[in-house]
Amino acid sequence: MSNHKDLQKLTGAGLLISLGIIYGDIGTSPLYVFKAIVGQQSISELLILGGVSLIFWTLTLQTTLKYVVITLRADNKGEGGIFSLFSLVRRKAKWLIVPAVVGGCALLADGIITPPITISSAIEGLESSIPHLHTVPIVIAIIAALFVIQQFGTSLVGKAFGPIMFLWFTMMGVLGISYIVQDPTIIKALNPYYAYKLLSSNLLSNNPQNALIILGAVFLCTTGAEALYSDLGHCGRKNIQASWVYVKCCLVLNYLGQAVWLLQHNGQVMNLNLQNPFYTIMPAWFLNFGIGIATIAAIIASQALISGSFTLIAEAVRLNLWPKVKINYPSEQKGQLYVPSVNWLLCAGCIGVVLLFKHSDKMEAAYGLSITVAMLMTTILVSKFLKKKKFPNYIVTIFLVVYLIIEGTFLSGNLVKFVHGGWFTLSIGFVLFMIMWTWHTARKIRNRYVKFIAIEDYYSIINELSEDESVPKYASQLVYLTSANFDSEIESKIVYSILQKQPKRADVYWLVHVDVVDEPYKKEYEVNFLVPNKLIRVDFKLGFRVEQQINLLFRKVVEDLVKNGEVNITSTYKSLNKHKIVGDFRFVVIEKVISRSHNLSFYERFIMIFYAQLKRVSLSEERGFGLDLSFVTVEKVPLMLADPETVEITRVAPSSAQ
């Protein structure tokens, strides 16, 4: 695992890595932003100058100020992303779970539309030299290949990303300059007056919808800003802030170059299939090479988003916001993980998008809506973070109001897209929200019915049971997973399992508790000897980015305790004890089953029914904790037992006595 301090240093390698990992999404936006702004309107000076002005100020206020300057400060021990941010502020208010879940789902939904739009936009450049080319099969083939290679880990490919993206940004900057020199007056477009003029002229000419359509298109230039924050842990704040200066300059130069070409065609209407200003500013001899680099950049952008989705799901699982799923670690690199179920769902979703929309200009309509929602949620969480950091109230208020207005305006611009395809990402986001919300709420409902009792009341009886040879021995070392946060209490179900449901005699009883903490990579444990050599409690404090391999972690703890002479795990069977053979270990996992639901409201009943379905497709508790299944017993116990006092029945005399 890389050292947090190493990442914070500004290094050449760090700058190159940040170029490769972070700017894929935002760096490929010049492929489609101007094409979306102009659409099928005739090109006018006000439209182009206003468009550049809106792009420049969106990149300045949204990406630079909000994300690069302010949000990157909200690092959780070097990690970024909406769930890391939530972990920093969740103690402040319970309701913050809502923006965190909504934002997380919106980002995952965005992961389904980004690969198709960027790869389609790149491949469609070939249409200018091969007019009747069918791009859909090529795009699907690239997407399928991209998802197939995920399982092998991407650390090898990752090393090549930096230099390729450096080439990509430099190419965009040079292409932009080649057109800016033809009309240097285009620089005036950076004046915010043109942005204001374009929007106000549309609003005053009784065409407010066009103003919203333009805003929705402009927003596409900043869609990768959220990913920039999510990848903080891979590159460090200083490397991101320094590399962004170069990236922003290249992006702005390219947009200005496209604007010059568009103004040279003033009054014309773009042929959407054959004319993309991004490719038309390339010299003819360079076009195929340019399309090649664009395709590779689009694949890199997609890769970054897929990796981001894996990290997001892994964090959600640890924070109990997503069903337990299989997570693989294909390489030793920090943060490198692979989630098979999410990989294939994303793959199906991306191919579905390509088949549904076919062309990138139709995908633009579906793009941007969910990411605006994610940005709004980040704004709410960052304002809470600023408050926690004791920033003056007026600064927090200004930040909140300014960005709620900016993002609210973009949201209204993107809502126009709803009927044209925005419904697609919102529907996916809603399904994801339902899953996260159900998993979170069901856990709260279940915890309401878990009864905790004082453990010290049972010390003597557990001790006696352990020594009682008339009870057959169940295991030498018996391990229970407990959800009790304090070592003074225990679930009544565990005591019931040990003493009543087939009394379980063991030499030593272990209670293992896992606490997911707000620090991403924390790995600590505490040991409490409740009854010396008889009842021992181990508390693991694991960060929300740490793999929960309880089997290995527990073994390591026991080894440490044996080494220190704190416990003796040698078998007590005479024949085995003579040869100093270690006793057997058995884990007991208690699964709480809802047997009676009439105590629940209609809403809670619906949540628990949906939860039961999700549980069927998720990993079981024992697999989720990485336990060796040959040493695990799963006991199903009802979550809600009927109270006999509430049951009414009348006793009558036997009929024979009458």
Considering only distance and modelled atom types, tabulate donor-acceptor pairs under 3.5 Å from the side chains of residues 14-31, sequence neighbours left out.
residue, atom, partner, partner atom, Å
S18, OG, G14, O, 3.2
S18, OG, L15, O, 2.7
S18, OG, S243, OG, 3.1
Y23, OH, I240, O, 2.8
Y23, OH, S243, OG, 3.0
Y23, OH, W244, N, 3.3
D25, OD1, Y367, OH, 3.1
D25, OD2, Y367, OH, 3.4
T28, OG1, G24, O, 2.8
T28, OG1, D25, O, 3.1
S29, OG, I26, O, 2.6
S29, OG, Y255, OH, 3.4

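Sorted pairs that involve residues 394-406 and meet side chain to side chain donor-acceptor pair (under 3.5 Å), not counting sequence neighbours, are lacking altogether. Among residues at least two apart or in separate chains, salt bridge (charged side-chain N to carboxylate O under 4.0 Å, His left out) pairs with a member in residues 40-50 are E45-K188. Within the structure, the ring pair (Phe, Tyr, Trp, His ring centres under 6.0 Å) test picks out the following pairs touching residues 277-309 (sequence neighbours left out): W168-F278, F286-F289.
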(request) Check the pair V218 / V33 against side-chain contact (heavy atoms from CB on, under 4.5 Å), numbers first and verdict last. (result) CA-CA 6 Å; V218 167; V33 171; 5.7 Å; no
(request) Would you sort out whether L386 and I70 count as a side-chain contact (heavy atoms from CB on, under 4.5 Å), showing the intermediate values? (result) CA-CA 9 Å; L386 294 175; I70 299 171; 4.3 Å; yes
(request) List the steps, then state whether side-chain contact (heavy atoms from CB on, under 4.5 Å) holds for S121 with Y32. (result) CA-CA 7 Å; S121 300; Y32 43 77; 3.4 Å; yes
(request) Start with the C-alpha gap between I281 and N254, add the side-chain angles, then the distance that decides, and say whether side-chain contact (heavy atoms from CB on, under 4.5 Å) holds. (result) CA-CA 9 Å; I281 66 171; N254 192 268; 4.0 Å; yes
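Within the 4.5 Å cutoff, the side chain of L175 has heavy atoms near those of the P283 side chain. Annotation: side chain of I37 is in contact with side chain of I55 (closest heavy-atom distance under 4.5 Å). Counting heavy atoms from C-beta on, the side chains of I140 and L355 come closer than 4.5 Å. With a 4.5 Å cut-off on side-chain heavy atoms, I123 and I142 count as touching. For the pair Q151/N343, no side-chain contact is recorded, criterion being any heavy-atom separation below 4.5 Å from C-beta on. Between D110 and T425, every side-chain heavy-atom pair lies at or beyond the 4.5 Å cut-off. A heavy-atom distance below 4.5 Å is found between the side chains of M165 and I300. Using a 4.5 Å heavy-atom cutoff, the side chains of L65 and T60 are not in contact.
Considering every non-hydrogen atom in both I293 and M171, the closest pair reads CD1-SD, 3.8 Å. Residue C350 comes nearest to P116 through the heavy atom pair O-CG, 3.6 Å, listed as atom of the first residue, atom of the second, then distance. The two residues K238 and L10 come nearest to each other via the heavy atoms O-CD1, 3.5 Å. Across G103 and M377, no two heavy atoms sit closer than the pair N-CG, 3.6 Å. Between T63 and A225 the shortest heavy-atom distance is CG2-CB, 4.1 Å. The two atoms that bring F433 and V101 nearest to each other are CD1-CG1, 3.5 Å, heavy atoms only.
No side-chain donor-acceptor contact under 3.5 Å links S370 to the backbone of L426. Under the 3.5 Å distance criterion, the side-chain polar atoms of S383 are matched with a main-chain donor or acceptor of I380. No donor-acceptor pair closer than 3.5 Å links the side chain of S53 to the backbone N or O of L49. Distance alone, capped at 3.5 Å, places no donor-acceptor pair between the T114 side chain and the G111 backbone. With hydrogens and angles disregarded, a donor-acceptor distance shorter than 3.5 Å links the side chain of K66 to the backbone of M375. A side-chain donor-acceptor contact under 3.5 Å links T311 to the backbone of S307. In terms of modelled atom types and a separation under 3.5 Å, the side chain of T64 and the main chain of L61 share no donor-acceptor contact. No donor-acceptor pair closer than 3.5 Å links the side chain of E407 to the backbone N or O of T372.
Geometrically, K248 engages F56 in a cation-pi contact defined by less than 6.0 Å to the ring centre and at most 45° from the axis.
Not a single side chain to side chain donor-acceptor pair (under 3.5 Å) links K384 to another residue, sequence neighbours left out. Residues meeting the side chain to side chain donor-acceptor pair (under 3.5 Å) test with T378, sequence neighbours left out: E226. With sequence neighbours left out, Q182 forms a side chain to side chain donor-acceptor pair (under 3.5 Å) with Q264. Scanning for ring pair (Phe, Tyr, Trp, His ring centres under 6.0 Å) contacts around F166 gives Y246, with sequence neighbours left out. In terms of the ring pair (Phe, Tyr, Trp, His ring centres under 6.0 Å) criterion, F385 has no residue partners (sequence neighbours excluded). Scored by the ring pair (Phe, Tyr, Trp, His ring centres under 6.0 Å) test, Y229 finds no partners at all (sequence neighbours excluded). Under the side chain to side chain donor-acceptor pair (under 3.5 Å) criterion, Q41 pairs with N210, sequence neighbours left out. Listed by chain and number, the residues in a ring pair (Phe, Tyr, Trp, His ring centres under 6.0 Å) with F147 amount to none (sequence neighbours excluded).
Note that CG of L251 is 6.5 Å distant from CG of L59, once rounded to the nearest 0.5 Å. Here the CD1-CG distance, from I214 to L198, works out to 4.5 Å after rounding to the nearest 0.5 Å. A distance of 10.5 Å separates CG of L262 from OG of S44, quoted to the nearest 0.5 Å. Considering CD of Q303 and CD1 of I149, their distance stands at 6.0 Å, rounded to 0.5 Å. Taken from CG in L369 to CZ in F410, the straight-line distance is 13.5 Å, to the nearest 0.5 Å. The distance from atom CG of L232 to atom CG of N76, rounded to the nearest 0.5 Å, is 10.0 Å.
If you check the side chains of Q62 and T222, you find no donor sitting under 3.5 Å from an acceptor.
By the 30° and 60° cut-offs, the orientation of the rings of F424 relative to F357 is perpendicular.
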